[in-house]
J.: 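This is the structure I have questions about; it appears just below.
One-based numbering, in listed order, for ligands and for the atoms of each.
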Amino acid sequence: MGTPLPTPGVGPSPDHSGGACASCALSPASSRLGLDPGRYDHVVALAGNPNTGKSTVFNALTGLRQHVGNWAGKTVARAEGGFSYGGAGYRIVDLPGTYSLLSTSTDEDVARDVLLFGRPDVVVVVVDATRLERNLPLVLQIRQITGRVVVALNLVDEARRHGITVDTRHLTRELGVPVVATAARRGEGLPDLLAAIAQVATADDPPAPLRLVHRDPALERAVAELAAQVEARFPGVPNSRWVALRLLEGDAGIEEAVRTGTLGDLAEVDGTAPLHAVSDPQERSA
Ligand SMILES: Nc1nc2c(ncn2[C@@H]2O[C@H](COP(=O)(O)OP(=O)(O)OP(=O)(O)O)[C@@H](O)[C@H]2O)c(=O)[nH]1
Ligand SMILES: [Mg+2]
């Protein structure tokens, strides 16, 4: 089976003293995202299309035994776990598979809310190296909301079998974030993935989110005006431009969150990042 990983401890270390974070109090936003208090240094969200190996990566890093199978869209509930690396404690959240942040299913809403408003320190996007073109749209959408991204180019063993090679250096340059080739089922590439996660988690100056400027000046003006109004009404809400674009498109879920004011619950509270308050992973691992 897999190559043993060099450093990740499995599960929560009780002596994660470095992770005793004063700002980890439960905030309204975190309870909205279904999270409980906990202690750790960094939060990692695992995102990606269905069936790309997210849970396999999750299990390899945390040592948790989550059921893993071939049914696309199988991960309905979010699984949380922990590991330590380089002396720091990491919380990792396994999100449901999603093709797009614009989607409407409940599962995908969970992934979307966590990615957009949960402020993870690192988003690992697990992509299928044999179907890169189908996976890249989500990577680009996530890159538009954060620069704190690592791409795990998974299933490279399958890709090799099909004679597919991916130029990870080129992809790293194009995306502006680390791209690490992995074959998670056999542990290949996971030490490099951990190093990339640690690098992004501790980066003082992460790459800026990709900003698509719309060619149509009228649309660009409308987005800017609406984003300013969103910020005025919900101070501290991340990704106001994204929210503005969705409103212009008539996204029912986002309209509802604005109308009812729940969008404001997802905004930063006292400098506390919502995802920075989650439960003891052992409680979730049973
Ligand atoms: N060959 C190969 N198979 C893999 C690799 N990673 C995962 N798999 C297999 O791919 C299938 C799907 O893996 P999961 O980890 O369940 O994928 P997922 O992204 O969590 O799937 P959903 O939660 O349903 O979206 C399983 O049969 C895994 O064993 C890999 O690197 N190589
Ligand atoms: Mg899964």
J.: How long is the gap from CD on Glu80 to CD1 on Ile92, to the nearest 0.5 Å?
T.: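 Answer for the CD-CD1 pair, Glu80 versus Ile92, is 11.0 Å.
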J.: Which of the listed options, Leu153, Leu155, Thr182, Thr98, holds the heavy atom that is closest to atom 4 (C) of ligand 1?
T.: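 Ranked by closest heavy atom to atom 4 (C) of ligand 1, first place is Leu155.
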J.: Please say which of Leu210, Val151, Ile142 ends up in a side-chain contact (heavy atoms from CB on, under 4.5 Å) with Leu175.
T.: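 Exactly one pass, corresponding to Val151.
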J.: Between Thr172 and Val179, is there a donor-acceptor pair closer than 3.5 Å when you use the side chain of the first and the backbone of the second?
T.: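 Such a contact is found between Thr172 side chain and Val179 backbone.
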J.: Give the numbers and elements of all ligand 1 atoms closer than 4.0 Å to a heavy atom of Pro50.
T.: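 Under 4.0 Å from Pro50, ligand 1 has these atoms: 25 (O).
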J.: Using atom types as modelled and distance alone, determine if a side-chain donor or acceptor of Asn154 lies under 3.5 Å from a backbone N or O of Val127.
T.: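 Judged by distance alone, no pair lies under 3.5 Å.
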J.: Can you list the ligand 1 atoms lying under 4.0 Å from a non-hydrogen atom of Ala183?
T.: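 Answer, ordered by atom number: 31 (O).
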J.: For Glu158, take its heavy atoms, then give the atoms of ligand 1 lying under 4.0 Å from any of them.
T.: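 Those of ligand 1 that fall under 4.0 Å from Glu158 are 1 (N).
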J.: If we set the cut-off at 4.0 Å for heavy atoms, which region of Asn154 has an atom near ligand 1: side chain, backbone, both, or neither?
T.: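 It is the side chain that gets close, since no backbone atom is under 4.0 Å.
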J.: Return the option from Glu188, Arg185, Lys54 holding the heavy atom at the smallest distance from atom 3 (N) of ligand 1.
T.: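 Residue with the shortest heavy-atom distance to the ligand atom: Arg185.
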J.: Regarding ligand 1, does Asp94 bring an N or O atom to under 3.5 Å of one of the ligand's N or O atoms?
T.: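 By distance alone, the answer is no.
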J.: Using a distance threshold of 2.8 Å, state whether an N, O or S atom of Ser55 lies below it from the Mg ion (ligand 2).
T.: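 So Ser55 counts as coordinating the Mg ion (ligand 2), yes.
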J.: Identify, with sequence neighbours excluded, every residue that meets side chain to side chain contact (heavy atoms under 4.5 Å, CB included) alongside Asp157.
T.: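 Scan of Asp157 (side chain to side chain contact (heavy atoms under 4.5 Å, CB included), adjacent residues dropped) gives Leu155, Arg160, Ala183, Arg186.
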J.: With nothing but distance in play, are any N or O atoms of Asn51 less than 3.5 Å from an N or O of ligand 1?
T.: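 In this structure, Asn51 places an N or O atom under 3.5 Å from an N or O of ligand 1.
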J.: For the backbone of Val124 and the side chain of Lys54, can you confirm whether one donor and one acceptor N or O come within less than 3.5 Å of each other?
T.: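 Here the side-chain-to-backbone pair does not exist.
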J.: Can you find an N/O atom of Val156 closer than 3.5 Å to an N/O atom of ligand 1?
T.: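 In fact, backbone or side chain, Val156 has no N or O that close.
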J.: Does Gly48 come within less than 4.0 Å of ligand 1, judged by its heavy atoms?
T.: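 False for this residue.
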J.: Restricting to salt bridge (charged side-chain N to carboxylate O under 4.0 Å, His left out), what partner residues turn up for Arg131, sequence neighbours left out?
T.: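 With sequence neighbours excluded, Arg131 shows a salt bridge (charged side-chain N to carboxylate O under 4.0 Å, His left out) to Asp128, given in chain and number order.
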J.: Check ligand 1 against Ser55 and write out every atom of the ligand that is under 4.0 Å from a heavy-atom position of the residue.
T.: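 With Ser55 as reference, the close atoms of ligand 1 come out as 15 (O), 18 (P), 20 (O).
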J.: With a cut-off of 6.0 Å (strictly less than), are more than 12 heavy atoms of other residues, nucleotides or ligands near CZ of Arg169?
T.: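 Check fails, neighbour count at 12 or below.
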